[in-house]
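These notes are about the structure you will find just below.
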Amino acid sequence: MVRIALDPTPYNNTVHLLDFPDLVARLGYEYLQLTPNPDFGRHFHYPKVDTGMLQTLKKRAADAGVTITSVLPVQRFSWPEEPQREAAVRNMKRYIEIASELEVPMVNTEFSGRPERSEDSEAGFYKSMEELIPVLERAGVQLNIDPHPDDFVEDGLEAWRIIRGLDSTQVGFVYVASHSFHMGDRATTLIPELGDRLGAVYAADTFDHNRSNGLRYITNPPGNAVRVHQHLAIGDGDVNWDELFGTLKASGYLDREDALIVSNVFAEDERADEYSRSQLAKLRELIANA
């Protein structure tokens with residue numbers, strides 16, 4: 001059974017962490033991915049929840065009939081400078097503990113690091129994983145990583161090679177559809193290679209920045225070293241959704257009991273309710289027709 005979870009990021013400034021389960025249920029979802037939030041923990045910072053808040057959150061989720069599927073922290077554990085890397089490892093250890101306390105089996109994250117210092121960042125990544133993998137194993141938590149635009153590794157295949165180099169089934173891959181064109185637009189070949197190490201899929205659309213001679217959209221001046229991408233509603237960009245879901249079906253992902261697809265549209269917070277509901281309907285249709 002495919003679980004469709006909501007990423008509640010558009011509601012961070014208007015909804016309290018403890019109210020997320022009720023929000024998700026109101027929008028028609030049964031599953032929730034916890035993402036960076038002022039009451040939970042911001043990007044690159046130590047988490048701000050205590051045991052009491054976690055227990056309250058668990059009860060609120062149970063009362064709402066909502067399952068928390070995963071936790072998403074973003075930390076600099078691949079950073080080429082030691083102070084930031086060490087802080088990120090400390091923060092990630094706590095997030096893994098939080099996942100365990102919430103009885104959540106999955107932590108999803110990003111590689112981080114710096115693309116202009118990829119060699120140093122890769123070394124930092126492996127050093128951090130030496131510390132984090134034993135913690136994951138003891139907690140029984142899976143860590144899945146997304147090659148985010150502007151991470152030290154952005155290409156999907158190269159990211160998979162780096163994960164594979166860990167030689168640990170405790171670490172898997174997050175396929176983020178809105179990063180497709182930064183990852184090399186290779187869903188049909190990458191997803192089969194990932195096999196059962198594909199841990200989660202994020203569903204939002206984006207434009208292909210490579211089209212129109214690289215000028216589909218530009219920064220001023222063109223050629224700035226930035227990574228522009230969107231998290232649009234399905235159908236509002238250039239992602240080939242039939243191809244993606246056909247590949248997920250052919251690879252067996254949609255038949256897995258632990259399959260997780262997260263709706264993460266961030267482009268228009270003022271229409272978040274509308275988009276959250278329409279995303280759920282579109283995802284169910286894509287799954288049914290795959």
Side-chain angles (χ1 to χ4, degrees), residues 1-5 33 69-70 72 77-78 105-113 115 118-119 121-123 125-126 128-130 132-133 136-137 141-206 208-210 227 229 231 234 237-262 264 283 286-287 289-290:
M1 178 191 68
V2 181
R3 299 167 298 165
I4 304 174
Q33 173 164 278
T69 60
S70 40
L72 168 60
F77 55 68
S78 302
M106 185 185 304
V107 172
N108 297 324
T109 190
E110 302 166 7
F111 275 96
S112 192
S118 60
E119 183 179 350
S121 297
E122 181 178 309
F125 170 78
Y126 283 120
S128 295
M129 289 301 109
E130 287 178 357
L132 292 174
I133 287 175
L136 292 163
E137 291 172 344
V141 172
Q142 175 83 13
L143 179 69
N144 301 307
I145 310 176
D146 153 38
H148 194 283
D150 205 44
D151 283 356
F152 82 87
V153 56
E154 300 172 285
D155 180 83
L157 180 57
E158 184 59 24
W160 163 235
R161 289 168 176 153
I162 290 169
I163 292 172
R164 188 175 61 201
L166 292 168
D167 196 22
S168 171
T169 57
Q170 215 70 38
V171 184
F173 193 101
V174 181
Y175 189 94
V176 181
S178 55
H179 302 164
S180 292
F181 307 112
H182 291 277
M183 287 196 294
D185 195 17
R186 58 173 95 245
T188 57
T189 56
L190 176 60
I191 288 173
E193 187 160 341
L194 296 173
D196 60 7
R197 301 287 289 283
L198 176 59
V201 175
Y202 293 178
D205 217 330
T206 192
D208 183 355
H209 61 284
N210 299 303
R227 276 74 169 174
H229 71 284
H231 282 248
I234 292 171
D238 297 324
V239 172
N240 188 331
W241 292 98
D242 291 335
E243 177 185 83
L244 174 57
F245 273 77
T247 303
L248 290 170
K249 179 65 175 179
S251 71
Y253 185 75
L254 297 182
D255 297 318
R256 283 168 42 181
E257 292 184 3
D258 64 344
L260 174 64
I261 297 175
V262 181
N264 62 344
L283 285 168
L286 284 165
I287 292 166
N289 293 336

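- Applying the side-chain contact (heavy atoms from CB on, under 4.5 Å) test to Thr188 and every residue at least two apart in sequence or in another chain returns Glu243, Thr247.
- Residue pairs satisfying the salt bridge (Lys or Arg N to Asp or Glu O under 4.0 Å) criterion with at least one member in residues 246-255, sequence neighbours excluded, are listed as follows: Lys249-Asp255.
- For Ser70, the side-chain hydrogen bond (donor to acceptor under 3.5 Å, both in side chains) test picks out Gln33, with sequence neighbours left out.
- Remark: Glu193 pairs with Arg164 by the salt bridge (charged side-chain N to carboxylate O under 4.0 Å, His left out) rule, at least two apart or across chains.
- Residues passing the salt bridge (charged side-chain N to carboxylate O under 4.0 Å, His left out) test with Arg197: none are found, sequence neighbours excluded.
- No hydrogens or angles considered: nothing links the side chains of His229 and His182 as a donor-acceptor pair under 3.5 Å.
- In terms of the ring-ring contact (aromatic ring centres under 6.0 Å, His included) criterion, Phe181 has no residue partners (sequence neighbours excluded).
- Judged by distance alone, the side chains of His231 and Ser178 do bring a donor and an acceptor atom under 3.5 Å apart.
- Note on Asp258 versus Arg3: no salt bridge recorded, every NZ/NE/NH1/NH2 to OD/OE distance being 4.0 Å or above.
- Evaluation of the side-chain contact (heavy atoms from CB on, under 4.5 Å) rule for Ser112 yields Arg76, Trp79 as partners, not counting sequence neighbours.
- By the ring-ring contact (aromatic ring centres under 6.0 Å, His included) test, Phe125 is found to be paired with Phe111, residues two or more places apart in sequence or in another chain being considered.
- By the salt bridge (charged side-chain N to carboxylate O under 4.0 Å, His left out) test, Asp205 pairs with no residue at all, sequence neighbours left out.
- The salt bridge (charged side-chain N to carboxylate O under 4.0 Å, His left out) check on Glu122 picks up nothing, with sequence neighbours excluded.
- Checked against side-chain contact (heavy atoms from CB on, under 4.5 Å), Asp196 has the following partners two or more places apart in sequence or in another chain: Arg256.
- With sequence neighbours left out, Ala187 forms a side-chain contact (heavy atoms from CB on, under 4.5 Å) with Tyr175, Ile191, Leu244.
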